[in-house]
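Everything below concerns the one structure shown next.
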Amino acid sequence: MLTDQQESLIEATAPVVAEHLDAITKRFYPLMFERYPEVAPLFNQAHQADGGQPRVLASAVLAYVQMRKDPDQAREVLATVVSKHVSLGIQPDQYPIVGECLMAAIGEVLGDAVTPEIADAWGALYQELADLLIGLEAEAYHEFAARPGGWQGTRTFRIAETRQESRVIRSFVLEPVDGGPVADFEPGQFIGVRLTIDGEPVYRHYSLSGTPNGRSYRISIKRETGGRVSEYFHDRLDVGDTLELLQPSGQLTLDEASTPVMLISGGVGQTPMLPMACRALEQGRRVVYLHAAQERAHHAFAEELAALAREHADHLTSVTLYERGDEDDRADHIGRVNRELLARYLPEGDPECYFVGPQGFMTAVDHALDSLGVPGERRHYEHFGPSRPLQAG
């Protein structure tokens with residue numbers, strides 16, 4: 001617990017730290033990778049290069065300063081951070097590394113303005129945040145390990161089947177090497193993957209694109225040009241190869257309500273939507289499934305969704321939109337998602353709206369839904385990379 005003096009120092013210096021937080025976090029990551037190169041595989045270097053990861057850290061620190069006196073709100077807001085950490089298997093002994101390097105970065109950027117007393121106050125604040133995250137993550141690890149088919153740490157899976165879903169998306173069905181059951185997950189969640197590429201460990205998150213079945217998991221991966229891990233999956237992995245999985249996690253999940261659901265996806269953002277659609281239909285809910293792809297060759301899971309629509313003709317409306325194409329492409333619409341299109345298909349009855357896709361796509365969808373009167377608490381989304389505000393460019 002911070003002392004009264006430390007509380008006062010945090011309050012007095014927070015505006016200064018906030019003003020320089022971008023510079024602090026941009027210095028923090030190179031410093032940490034230099035001092036502790038063993039933690040670098042936990043971070044997607046593409047997100048370092050484009051500034052996404054530093055912005056997330058800056059936002060998290062500022063948010064915690066503002067909400068730390070409301071523990072319930074803090075837990076709710078930090079749930080996304082906990083989910084990502086759990087899917088990476090983050091452990092308590094890694095937090096001192098972050099604390100050391102973060103304080104060093106603050107010292108380098110702010111210089112003599114950081115007195116020993118101010119440094120101690122911010123160090124205590126970081127430790128408070130770390131202790132909260134460590135506790136929440138421990139709860140998540142314990143809960144999953146206690147499930148039938150659960151585990152702790154990593155578990156080795158074998159690729160049992162692959163399927164080319166579109167020109168750029170390939171699915172991998174994964175079964176445990178030990179032959180045991182696998183724990184269920186909530187549709188919409190993602191799973192952590194640990195690979196060794198050219199002798200180096202790398203970690204990634206991928207949405208679980210199949211429904212829970214107790215035997216296997218399915219992930220579906222888009223080939224990203226120059227993407228080290230996605231190209232490795234597409235070009236070098238096949239049936240029989242093995243990889244390690246961490247536990248499923250993520251907050252983009254359905255509630256148990258009976259209200260209609262609108263699922264809106266762009267590109268590979270469709271992967272969490274498929275199991276969510278199945279769950280909502282199991283609940284007897286009305287579902288509108290709107291998917292946007294660049295063109296027909298990039299449209300994944302078309303046959304799978306068509307079969308689902310035939311099975312649930314009274315409850316599922318499937319809408320396909322291609323950014324480019326013609327009438328022969330069998331899309332319902334050609335163009336981009338906009339307010340008029342969403343207004344046409346938005347179901348009545350206070351629908352819950354979920355959307356995943358590229359940043360610009362999600363921003364457009366969010367603004368359109370807002371203009372159509374869908375309140376913020378019924379607009380749900382998730383970033384495949386570092387989370388950031390949708391109004392950001």
Side-chain angles (χ1 to χ4, degrees), residues 1-40 42-71 73-82 84-85 88 90-137 383 385-389 391-393:
M1 181 178 293
L2 275 68
T3 65
D4 291 341
Q5 181 183 13
Q6 288 173 330
E7 294 279 5
S8 298
L9 285 172
I10 292 294
E11 183 176 353
T13 57
V16 178
V17 173
E19 181 182 353
H20 295 88
L21 203 51
D22 281 348
I24 291 168
T25 54
K26 287 177 182 176
R27 177 60 188 132
F28 159 73
Y29 283 102
L31 183 64
M32 183 172 65
F33 297 153
E34 177 184 332
R35 292 187 181 184
Y36 300 95
E38 66 273 17
V39 306
L42 294 167
F43 298 87
N44 187 329
Q45 294 306 308
H47 298 152
Q48 295 296 320
D50 67 12
Q53 193 68 53
R55 282 193 295 270
V56 169
L57 177 62
S59 298
V61 172
L62 279 180
Y64 184 68
V65 171
Q66 297 166 355
M67 69 189 175
R68 53 185 292 268
K69 294 183 180 180
D70 185 341
Q73 183 189 22
R75 284 171 169 78
E76 181 179 349
V77 173
L78 290 173
T80 300
V81 176
V82 171
K84 292 291 178 70
H85 284 187
L88 290 169
I90 298 298
Q91 297 299 312
D93 61 3
Q94 293 168 312
Y95 278 91
I97 293 175
V98 175
E100 172 197 325
C101 297
L102 184 59
M103 293 308 302
I106 290 174
E108 286 189 20
V109 172
L110 298 184
D112 294 340
V114 183
T115 65
E117 293 78 14
I118 291 174
D120 285 345
W122 280 93
L125 177 75
Y126 170 77
Q127 190 58 54
E128 180 182 275
L129 173 58
D131 288 342
L132 176 57
L133 290 171
I134 288 169
L136 294 173
E137 289 155 17
H383 295 266
S387 299
R388 49 186 169 171
Q391 63 267 27

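For clarity, every value in this text was computed on a predicted model and none was experimentally measured.
With sequence neighbours left out, Thr3 forms a side chain to side chain contact (heavy atoms under 4.5 Å, CB included) with Gln5, Gln6. Gln66 is linked by a side-chain hydrogen bond (donor to acceptor under 3.5 Å, both in side chains) to nothing, counting only residues two or more places apart in sequence or in another chain. When the side chain to side chain contact (heavy atoms under 4.5 Å, CB included) test is applied to Leu129, the partners found at least two apart in sequence or on another chain are Tyr64, Leu78, Leu133.
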Would you list the atom pairs, donor with acceptor, under 3.5 Å between side chains in residues 11-20 and any protein atom, with sequence neighbours excluded?
| residue | atom | partner | partner atom | Å |
| --- | --- | --- | --- | --- |
| Thr13 | OG1 | Leu9 | O | 2.6 |
| Thr13 | OG1 | Trp122 | NE1 | 2.9 |
| His20 | ND1 | Val16 | O | 3.0 |

Output a table of donor-acceptor pairs, distance under 3.5 Å, between side-chain atoms of residues 95-107 and any protein atom two or more places apart or on a different chain; print 'none' if there are none.
| residue | atom | partner | partner atom | Å |
| --- | --- | --- | --- | --- |
| Tyr95 | OH | His85 | ND1 | 3.0 |
| Tyr95 | OH | Glu137 | OE1 | 3.0 |
| Tyr95 | OH | Glu137 | OE2 | 2.7 |
| Glu100 | OE1 | Tyr36 | OH | 2.5 |
| Glu100 | OE2 | Arg35 | NH1 | 2.8 |
| Glu100 | OE2 | Tyr36 | OH | 3.3 |

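Atom CE of Met32 is separated from atom CD of Glu38 by 10.0 Å, given to the nearest 0.5 angstrom. With rounding to the nearest 0.5 Å, the separation of CZ in Arg68 from CG in Leu2 is 5.0 Å.
Sorted by first then second residue, the side-chain hydrogen bond (donor to acceptor under 3.5 Å, both in side chains) pairs that include residues 103-121, not counting sequence neighbours, are Arg27-Glu108, Thr115-Glu117.
Contact check for Ile90 versus Lys84: no side-chain heavy atoms found under the 4.5 Å cut-off.
In the displayed structure, Asp93 atom CG is contacted under 6.0 Å by more than 12 heavy atoms of other residues, nucleotides or ligands.
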